[in-house]
Amino acid sequence: MWSKVSAYVKKHNLLDSNELYIVALSGGADSVALLLLLHEHGYRVHAAHCNFHLRGDESDRDEAFCVELCEHLGVELHRVHFDTQTYADLHKVSIEMAARELRYQWFEQLRKDMGAAGICVAHHRDDSVETVLLNLVRGTGLRGLCGIQPKNGAVLRPLLCVSRAEIEAFLNEKEQGYVTDSTNLEADVQRNIVRLQVLPLLQKLNPAVADNIQRTCENLMEAQNVLTGILDNVNKSNILELSELLQYGSSEYFVFEWLKKYGFNGSQVTQLLKAETGKIITSSTGYEALKDRDRIVVEESLKPMKIMRIPEDGCYRLNENCQLKVRKSAVYVSKISHIATLDAAKVGFPLVVRRVEEGDWMQPYGMKGRKLLSDMMTDLKMNVFEKRRQLVVVDAQGNVLWLVGIRVDARVAVSASTVDVVELRLVNSES
């Protein structure tokens, strides 16, 4: 079996003989085989065992077995005890999710404390096949059909190339015992139904079904890597130009892969691509995606803005990134977008800084008559996100004096008769 594992480790660059690794040791056949293989072939390993206190005496039996095995092998063992039920109740997650979060958090902290290069876990080929079948039942994309990955950050899976039967045969040859989790023998959860009922039926159609599924997964993984590389080159900002995807034939896959990191699902992607310009969808993680002509823009959901009152000259913090400096100045006309110069005699304090509201209008400098700010922003081809964020400065009577960064109202513009100027300067907080 080592020849297969060794080739797999080399193919995916999983292990370095000069590094230290942690082996997640439950006491079951898979983790025992992994520990034996790495230890026998010269890798520096420590073992780590979690007692979740979920199966009474059986949990303590597993821990005692791991202690005895590591003493026999001369491998250092790290142990931890968890009150898993209390954690699940406190965080309102399932027992399975609680155990997963607890063990991987501890493994990672242990890895950092020890300076280990990785955490070796004993998922095997059959686990990956079960994952693919479950994903198919639930509905999945290409990534879900790739099965369990050999490497996920610091988590390494050297046994994905071998089956459970091969693992058991290896242990029998070594005359090495292991413990069995009784809950794995019950067809009361989805994965166990696949393991104990679905796969045996599929094997009647083709005894090599597991090998074939795993081989398909590896092919799809190669395709996934190619597509990911293309996507990385397409766009790395929060704006995705759909026109750039036309050369690849279908844009939906790329859009899904790009949006999923923000928490969007497949049905939302389909909905967005079919939508007209201006359509916004919201993810479960607090992001919004906007269909804007031939591109998609993603931003965090807009938070309410507290209206800022400006009673006099001074420096006012609009948010954590931006300040507005207000001061009297010698007469001049600003030609810089982030600075507005207004005729002081025509400005009625207190001023107010807020976002644009429906019905807002102004008399743009250089134009006759009034114009709705919404029309002005449309003329400037601003998207919905930009329009929602746009700030205005209004006077005590509610008249718009400055469409911030864009245009000053003609009624307060500097003229030949201006004696004093009010300067409004928008600056970064760091400035």
Side-chain angles (χ1 to χ4, degrees), residues 277-278 280 288 290 292 297 299-431:
T277 290
I280 294 175
E288 293 179 310
L290 165 69
D292 180 40
V297 184
E299 292 188 358
E300 289 190 69
S301 297
L302 191 66
K303 296 179 175 60
M305 177 186 175
K306 184 178 180 181
I307 292 175
M308 173 66 69
R309 293 179 61 82
I310 300 175
E312 58 186 2
D313 291 5
C315 184
Y316 299 86
R317 183 179 294 276
L318 302 181
N319 54 49
E320 62 273 14
N321 300 316
C322 186
Q323 297 177 345
L324 183 66
K325 292 184 177 180
V326 182
R327 70 181 183 96
K328 293 292 194 304
S329 168
V331 177
Y332 81 101
V333 178
S334 170
K335 295 183 179 180
I336 302 173
S337 62
H338 65 272
I339 300 175
T341 47
L342 315 177
D343 189 326
K346 301 174 183 177
V347 175
F349 283 83
L351 304 181
V352 169
V353 182
R354 59 168 172 79
R355 293 192 179 119
V356 172
E357 296 176 355
E358 186 177 356
D360 279 344
W361 62 271
M362 68 186 301
Q363 184 179 334
Y365 182 73
M367 294 179 60
K368 294 181 179 181
R370 65 172 64 180
K371 188 165 186 176
L372 289 172
L373 301 190
S374 58
D375 291 341
M376 292 177 62
M377 292 187 292
T378 298
D379 291 345
L380 292 168
K381 300 189 183 308
M382 295 172 65
N383 65 46
V384 175
F385 288 159
E386 292 167 332
K387 291 177 179 179
R388 294 192 313 185
R389 290 197 308 271
Q390 179 61 48
L391 299 179
V392 290
V393 177
V394 302
D395 66 12
Q397 286 72 46
N399 298 311
V400 175
L401 308 183
W402 185 28
L403 184 60
V404 176
I406 299 174
R407 193 71 67 87
V408 169
D409 191 284
R411 293 167 294 176
V412 293
V414 175
S415 67
S417 61
T418 299
V419 176
D420 293 308
V421 163
V422 174
E423 181 189 84
L424 308 178
R425 181 185 294 263
L426 202 64
V427 296
N428 292 330
S429 297
E430 295 79 9
S431 300

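Looking only at side-chain heavy atoms (C-beta outward), L373 and Q390 stay at 4.5 Å or farther from each other. Using a 4.5 Å cut-off on side-chain heavy atoms (C-beta onward), N399 and D409 make no contact. Between F385 and I280 there is a side-chain heavy-atom pair separated by less than 4.5 Å. The shortest distance between side-chain heavy atoms of K328 and V421 does not fall below 4.5 Å. Within the 4.5 Å cutoff, the side chain of K371 has heavy atoms near those of the D379 side chain. Side-chain contact between V326 and F349: present, with at least one pair of heavy atoms (C-beta onward) separated by less than 4.5 Å. The side-chain heavy atoms of E386 and L380, taken from C-beta on, include no pair separated by under 4.5 Å. Using a 4.5 Å heavy-atom cutoff, the side chains of V353 and Y316 are not in contact.
A distance of 10.0 Å separates SG of C322 from CE of M308, quoted to the nearest 0.5 Å. Distance check, rounded to the nearest 0.5 Å: CG of L426 to CG of L391 gives 7.5 Å. For the atom pair OG of S329 and CG of D420, the computed distance is 9.5 Å after rounding to the nearest 0.5 Å.
Of the possible polar contacts, one joining the D360 side chain to the E357 backbone as a donor-acceptor pair under 3.5 Å is found. In this structure, S334 contributes its side chain and I339 its backbone to a donor-acceptor pair below 3.5 Å. Put simply, the side chain of D343 never gets that close to the backbone of V412: no donor and acceptor are under 3.5 Å apart.
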For V404 and V393, what are the C-alpha separation, side-chain angles and deciding distance, and is it a side chain to side chain contact (heavy atoms under 4.5 Å, CB included)?
CA-CA 7 Å; V404 176; V393 177; 3.9 Å; yes
Verdict with supporting geometry, T418 and T341, side chain to side chain contact (heavy atoms under 4.5 Å, CB included):
CA-CA 11 Å; T418 299; T341 47; over 6 Å; no
Between S374 and V356, does a side chain to side chain contact (heavy atoms under 4.5 Å, CB included) hold up when you go through it step by step?
CA-CA 8 Å; S374 58; V356 172; over 6 Å; no
When you look at L302 and R355, which way does the side chain to side chain contact (heavy atoms under 4.5 Å, CB included) test go after all the steps?
CA-CA 11 Å; L302 191 66; R355 293 192 179 119; 3.5 Å; yes
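D395 has no carboxylate O lying under 4.0 Å from a charged side-chain N of R411, or vice versa, which leaves the two without a salt bridge. Salt-bridge check for E288 with R388: passed, with a basic side-chain N closer than 4.0 Å to an acidic carboxylate O.
When the shell of 6.0 Å around CZ of R389 is examined, it contains more than 12 heavy atoms from other residues, nucleotides or ligands.
Nearest heavy-atom pair across A413 and K346 is O-NZ, 4.3 Å.
Remark: the T378 side chain and the K387 side chain contain an N/O donor-acceptor pair separated by less than 3.5 Å.
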